[in-house]
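Note sheet for the following structure.
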Amino acid sequence: MGGGAAGFFGAIACAEANPQLTVYLIEKTGKLLSKVRISGGGRCNVTHAADTPAQLVLHYPRGAKQLKKPFRQFDAQATIRWFESRGVRLKTEPDGRMFPVTDSSETVAQCLLDAARKAGVQLLTQTSPEQIEPLPDGGFRLQLVGAHPGQMLVDKLLIATGGAPKSEQYAWLRALGHSIQEPVPSLFTFNVPESPLRELPGVSVPHVRVRVAGEKLEYEGPILVTHWGVSGPAVLKLSAWGARRLHELSYQSTALINWLPEHTDDSLRHYLREFREQHGKKVVASNPLFGLPQRLWRTLTEQAGVTEEVRWNELPAKPQNRLIEALLNTALPVRGKTTYKDEFVTCGGVVLGEINMKTMESRRVPGLYFAGEVLDIDGITGGFNFQAAWTTGYLAGRAMAQPAVILNPQP
């Protein structure tokens with residue numbers, strides 16, 4: 001169940017491991033692999049360059065501990081081999097993200113569709129089970145509605161329906177006997193309606209430190225100023241690590257931006273003192289330092305009260321102190337969040353303690369398996385959520401392919 005990354009990977013793995021099985025992939029909408037298609041701005045961030053499972057698990061705010069063993073069975077290197085063996089070569093960008101060399105998500109989507117068809121997977125779109133009934137002797141009865149209505153008997157069932165933003169959307173999984181970690185959003189940008197940077201949309205800085213005032217939440221990386229606030233990897237990754245705490249705060253906080261994370265207050269004062277001695281006649285506002293964008297520098301100097309034509313050797317102590325504070329501690333009042341592009345990642349889902357992480361089979365309902373974001377697993381941006389989908393889908397599919405009594409299901 002579920003026509004996304006985890007569902008396809010599970011279906012393909014199952015069908016390839018045991019060609020005698022009849023494998024159905026059921027998707028309630030008419031769109032298959034929709035998240036794959038929009039990921040990475042339409043390029044599909046397939047995975048992240050990581051040599052070992054130990055490196056991979058560092059990037060999962062939820063599920064890191066439980067993913068150690070699954071990643072030993074199917075890690076990023078296995079993902080690369082899987083796609084390349086099917087004609088999709090991947091490339092690594094400087095930040096470690098991996099994309100198809102075509103820079104097109106359609107390459108990845110078509111690869112998965114072709115692999116599914118070649119393996120004999122039966123695709124049923126615009127179809128969903130209105131009812132799932134575990135049978136006393138094993139297997140499940142599905143009452144399907146939509147384009148392929150009717151009753152289907154299946155020996156095993158993989159749930160790969162993705163995350164959901166509202167707790168009540170997991171009611172059907174609770175009815176099957178599973179506990180749900182309450183869902184909250186992850187990977188979002190900060191809304192700053194009263195931003196001192198509101199005139200700078202499009203300005204980016206490659207390395208800043210973002211932290212939440214009064215909390216043990218901070219992250220370093222690139223930042224992007226937007227019309228509504230701030231985004232970019234530093235903000236997105238901070239939102240992932242702080243998903244539950246930021247939800248508790250109702251997305252009302254103060255973000256503190258350190259534009260020069262390599263500097264302390266003392267080292268910055270020392271640098272400016274030396275700069276002033278050597279370049280005293282330079283106009284402060286029109287000569288950006290530290291490689292900061294001109295528009296950002298001018299805004300920070302204005303905020304510090306540095307007048308338009310003042311030179312470094314004329315700069316009074318108070319505006320210089322305010323400039324140092326702005327460079328190391330720009331305060332942005334956060335008043336809400338915005339979903340990152342068209343992507344949505346959920347923190348929460350099926351409790352991992354109820355899953356055998358070697359096979360992804362439920363410990364509560366024999367023959368029931370889970371994969372992908374429906375589980376309480378989520379990674380930061382950079383290909384980690386797809387890697388979790390490939391890994392859990394692969395393990396579930398292979399486990400489901402093990403010999404069992406087949407009920408010869410018919411839709």
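Here the structure is a predicted model, which is why all the values come from computation and not from measurement.
The two residues Leu328 and Leu260 make their nearest non-hydrogen contact at CD2-O, 4.0 Å. Counting all heavy atoms, side chain and backbone alike, Val210 lies closest to Ala234 at CG2-CB, 3.9 Å.
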_Show, in sequence, the C-alpha distance, side-chain angles and deciding distance for Glu182 and Arg174, and conclude whether the salt bridge (charged side-chain N to carboxylate O under 4.0 Å, His left out) test is met._
CA-CA 12 Å; Glu182 291 299 302; Arg174 291 190 182 94; 3.1 Å; yes

*Would His263 and Leu327 count as a side-chain contact (heavy atoms from CB on, under 4.5 Å) if you check the C-alpha gap in whole Å, the side-chain angles of each, and the deciding distance to 0.1 Å?*
CA-CA 10 Å; His263 274 290; Leu327 289 167; over 6 Å; no

*Walk me through it: do Trp82 and Phe9 pass the test ring pair (Phe, Tyr, Trp, His ring centres under 6.0 Å)?*
CA-CA 10 Å; Trp82 192 95; Phe9 228 65; 4.5 Å; yes

_The test is salt bridge (charged side-chain N to carboxylate O under 4.0 Å, His left out); show your working for Arg209 and Glu262 and say whether it passes._
CA-CA 9 Å; Arg209 182 185 299 123; Glu262 68 279 7; over 6 Å; no

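Within 6.0 Å of CZ in Arg89 there are 12 or fewer heavy atoms belonging to other residues, nucleotides or ligands.
With contacts defined as side-chain heavy-atom distances shorter than 4.5 Å, the pair Gln77/Leu56 does not qualify. Put simply, the side chain of Leu296 reaches to within 4.5 Å of the side chain of Trp259, judged on heavy atoms.
Salt bridge status for Arg244 with Glu215: absent, with no side-chain N to carboxylate O gap under 4.0 Å. Under 4.0 Å is where a charged nitrogen must lie from a carboxylate oxygen, and between Arg276 and Glu314 no such pair does. A salt bridge between Arg245 and Glu248 is present, with a side-chain N of the basic residue lying under 4.0 Å from a carboxylate O of the acidic one.
Here the two rings, on Trp312 and Phe275, have centers that are under 6.0 Å apart.
Taking the six-membered ring for Trp and thresholds of 30 and 60 degrees, Phe384 and His59 have nearly parallel ring planes, at less than 30 degrees apart.
Under the 6.0 Å distance and 45° angle rule, Lys337 counts as a cation-pi partner of Tyr251.
Checking side-chain atoms of Ser105 against main-chain N and O of Ile38 turns up no donor-acceptor pair under 3.5 Å.
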Residues 361-372 side chain polar contacts: donor-acceptor under 3.5 Å, at least two apart:
residue: Glu361; atom: OE2; partner: Gly367; partner atom: N; Å: 2.7
residue: Ser362; atom: OG; partner: His178; partner atom: NE2; Å: 2.7
residue: Ser362; atom: OG; partner: Arg364; partner atom: N; Å: 2.9
residue: Ser362; atom: OG; partner: Val365; partner atom: N; Å: 2.8
residue: Arg363; atom: NE; partner: Ile355; partner atom: O; Å: 3.3
residue: Arg364; atom: NH1; partner: Gly177; partner atom: O; Å: 3.0
residue: Arg364; atom: NH2; partner: Glu354; partner atom: OE2; Å: 3.2

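Residue Trp390 is tested with Phe71, Phe83, Phe74, Phe8 for a ring pair (Phe, Tyr, Trp, His ring centres under 6.0 Å); the sole match is Phe83.
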